[in-house]
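Note sheet for the following structure.
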Amino acid sequence: MANNTPQAIRGTQDIFGAEAEAFAFVVETFERVRKLYRFRRAEMPVFEKTEVFARSIGETTDVVSKEMYSFEDRGGESLTLRPEFTAGIARAYLTNGWQQHAPLKLATHGPLFRYERPQKGRYRQFHQLDAEIIGAGEPQADVELLAMADQLLKELGIADGVTLQLNTLGDADSREAWRTALVEYFRDVRDELSEDSQERLEKNPLRILDSKDARDRAFVADAPQIDDFLGAEAQDFFAAVTSGLDAAGVAWTRNSALVRGLDYYRHTAFEFVTDRLGAQGTVLGGGRYDGLMESLGGPATPAVGWAAGIERLAMLVGECGESRLEIAVAAESRDREADAASAVTMFRRMGISAELFASGSPRKRYDKARKTDPGVLISMDVREGNNVQNWLATLPEIDRQDEAFRAFLSRWDIPDEDLK
RNA sequence: GCGAUCGUAGCUCAGUUGGUUAGAGCGCCGGUUUGUGGUACCGGAGGUCGGGGGUUCAAGACCCCUCGAUCGCCCCA
């Protein structure tokens with residue numbers, strides 16, 4: 001069977017049917033909401049020079065060396081399939097002179113690639129929605145961005161069971177002071193931490209805060225809080241974001257353990273989290289990344305953004321059935337196949353969905369058509385030498401049924417007793 | 001990179017402590033009931049039991065390796 005057929009690449013997916021409908025529903029909803037908030041559409045390349053991602057991501061060596069899809073092109077240049085949108089958008093912003101549009105609200109969506117082990121809601125080629133506000137340093141930008149995210153989740157119908165967790169990482173100074181305090185605190189209890197967290201103490205101490213290990217959690221509760229290290233400006237900024245969210249009617253909860261691994265993040269960090277997706281509970285996440293543009297050689301540019309996994313959103317949206325067939329036409333005799341085909345074409349040109357059943361055993365075509373549960377089932381046959389048509393409507397009645405019926409009657413007869 | 005579970009027809013699965021020609025339902029194709037009918041009945045196509053090696057008189061079943069899937073750990077930009 002398939003022993004000679006190439007297999008799909010690990011972690012890629014072929015999406016079809018109801019799942020594909022759910023996927024499309026997510027994207028369509030995003031496009032609609034994004035226009036309400038006047039975010040402008042952008043399209044970027046799916047690959048960039050590796051340095052675009054390496055420089056923006058910085059020193060987190062694991063991510064750069066092990067988690068990216070990188071390769072050399074024929075000229076020997078290292079290229080990388082985009083693992084995120086933000087770095088590519090920042091590069092486009094700088095290289096295309098989009099500064100002239102600042103503050104710029106951008107939205108995009110499409111495939112991303114990460115060299116990871118697939119698991120629930122996590123693939124090597126996956127798809128995200130993305131929204132960014134570039135060149136806006138005010139907390140109102142954070143609020144607007146979060147309000148859009150909140151409305152998106154509501155319009156997708158998945159807001160129940162999803163909570164917005166919010167934190168601040170402060171400005172560069174407060175962030176650094178906090179980090180130092182954390183390292184000191186955890187170093188004192190180093191031997192009682194999990195093996196993973198002992199490792200993290202050196203590489204990425206902030207990550208200890210969201211460890212899943214019970215041994216770590218005991219200490220996390222009493223760990224130094226960012227609030228104790230925030231300068232007045234940082235405090236004001238966060239207060240403005242939270243009061244702005246309250247004013248906008250966006251519910252949120254404080255999660256002081258919510259962190260970002262990368263250094264360019266400042267101030268607001270947030271995640272919309274659900275308890276319905278196993279280990280991959282984050283449904284939409286982002287934050288303020290005021291330090292990113294400089295790492296790519298651009299001028300200091302404040303920016304804030306988020307991304308959301310389309311697959312995960314689609315899973316929450318659930319079964320999004322394919323739309324019902326409006327009219328099925330069965331040619332129950334070979335002599336009526338041309339008529340049936342022409343009827344189907346007529347309906348389609350009217351903007352009504354129609355499907356032709358004219359293959360296989362003529363006797364079974366009617367049953368086959370009936371199984372699709374169409375709004376209207378038309379059979380076309382030959383009885384005693386005469387062409388015969390039958391029109392059967394089933395509930396719920398389709399839109400424009402009368403119009404379709406009149407159009408059909410203008411070309412083919414239907415006996416009176418068969419009407420309704 | 002690590003761990004657990006799993007891998008039999010297009011799909012969902014059976015397959016007894018290893019025993020002879022590998023099964024069912026659904027789907028598909030064809031044929032009956034000369035019919036207004038999502039029915040019923042009959043027949044058919046489709047499997048080197050993920051792949052390779054080993055144990056055995058005998059392996060879909062047991063052992064090893066490998067590939068793949070699922071879920072979790074690490075990581076999460």
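Just so it is clear: chains get the letters A, B, ... in the order the sequence lines come, proteins before strands, and each one is counted from 1.
For A:Arg10 and B:A69, a side-chain-to-base donor-acceptor distance below 3.5 Å is absent, hydrogens and geometry of angles not being considered. Side-chain atoms of A:Lys364 and base atoms of B:G31 include a donor and an acceptor less than 3.5 Å apart. Contact of A:Arg122 with B:C76 (side chain to base): a donor-acceptor pair of N or O atoms is detected under 3.5 Å.
Rounded to an integer number of Å, the gap from A:Arg117 CZ to B:A4 P is 12 Å. Remark: P of B:A77 and CD1 of A:Ile89 are 16 Å apart, rounded to the nearest angstrom. Taking atom CZ of residue A:Arg207 and atom C1' of nucleotide B:C74, one finds them 12 Å apart after rounding to whole Å. Look at CZ on A:Arg365: it is 19 Å from P on B:U36, rounded to the nearest Å. One interatomic measurement links the two molecules: NZ of A:Lys212 to P of B:C76, which rounds to 11 Å at whole-angstrom precision. Per the geometry, CG belonging to A:Leu258 stands 9 Å off P belonging to B:A77, to the nearest Å. Rounded to an integer number of Å, the gap from CG of A:Asp14 to P of B:G68 is 16 Å. What separates CD of A:Glu271 from P of B:C76 is a distance of 12 Å, to the nearest Å.
Salt-bridge formation is not detected for the pair A:Arg336/A:Asp381: no Lys NZ or Arg NE/NH1/NH2 atom is positioned less than 4.0 Å from an Asp or Glu carboxylate oxygen. For the pair A:Arg124 and A:Glu116, the salt-bridge criterion is not met [side-chain N within less than 4.0 Å of a carboxylate O]. Ion pairing of A:Glu31 with A:Arg34 is present here, as a side-chain N (NZ or NE/NH1/NH2) and a carboxylate O approach within less than 4.0 Å. We find that A:Lys105 and A:Glu132 are not joined by a salt bridge, their nearest charged nitrogen and carboxylate oxygen being 4.0 Å or further apart. The pair A:Arg370-A:Asp367 does not count as a salt bridge, with every side-chain nitrogen at least 4.0 angstrom from each carboxylate oxygen.
B:G23 and B:C63 have their C1' atoms separated by 27 Å, with the value rounded to a whole Å. Spacing between B:G72 and B:U55 at atom C1', rounded to whole Å, works out to 34 Å. When the P atom is used for both B:A40 and B:U8, the distance is 29 Å, rounded to whole Å.
A:Glu116 comes within contact range of at least one nucleobase, with a heavy-atom separation under 4.0 Å. Within 4.0 Å of A:Tyr265, counting heavy atoms only, lie sugar-phosphate atoms of the nucleic acid but no base atom. Among the atoms of the strands shown, base atoms are found under 4.0 Å from some heavy atom of A:Ser379. Note on A:Arg200: only backbone sugar-phosphate atoms sit closer than 4.0 angstrom, heavy atoms only; bases stay farther off. Using a 4.0 Å heavy-atom cutoff across all strands shown, A:Glu332 reaches at least one base atom of the nucleic acid.
With the nearest nucleotide of RNA chain B identified for both A:Lys120 and A:Asp381, A:Asp381 has the one nearer the 5' end. The nearest heavy atom of RNA chain B to A:Asp196 and to A:Val382 marks one nucleotide each, and the one closer to the 5' end goes with A:Val382.
Classification of the A:Phe408-A:Trp391 ring pair by plane angle, with boundaries at 30° and 60°, yields tilted.
At most 12 non-hydrogen atoms from other residues, nucleotides or ligands lie less than 6.0 angstrom from CZ of A:Arg40. Surrounding CZ of A:Phe47 are at most 12 heavy atoms belonging to other residues, nucleotides or ligands under 6.0 Å away.
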Dot-bracket, RNA chain B: Watson-Crick or G-U, under 3.5 angstrom, [ ] crossing, | other strand?
-> (((((((..((((.....[...)))).(((((.......))))).....(((((..]....))))))))))))....
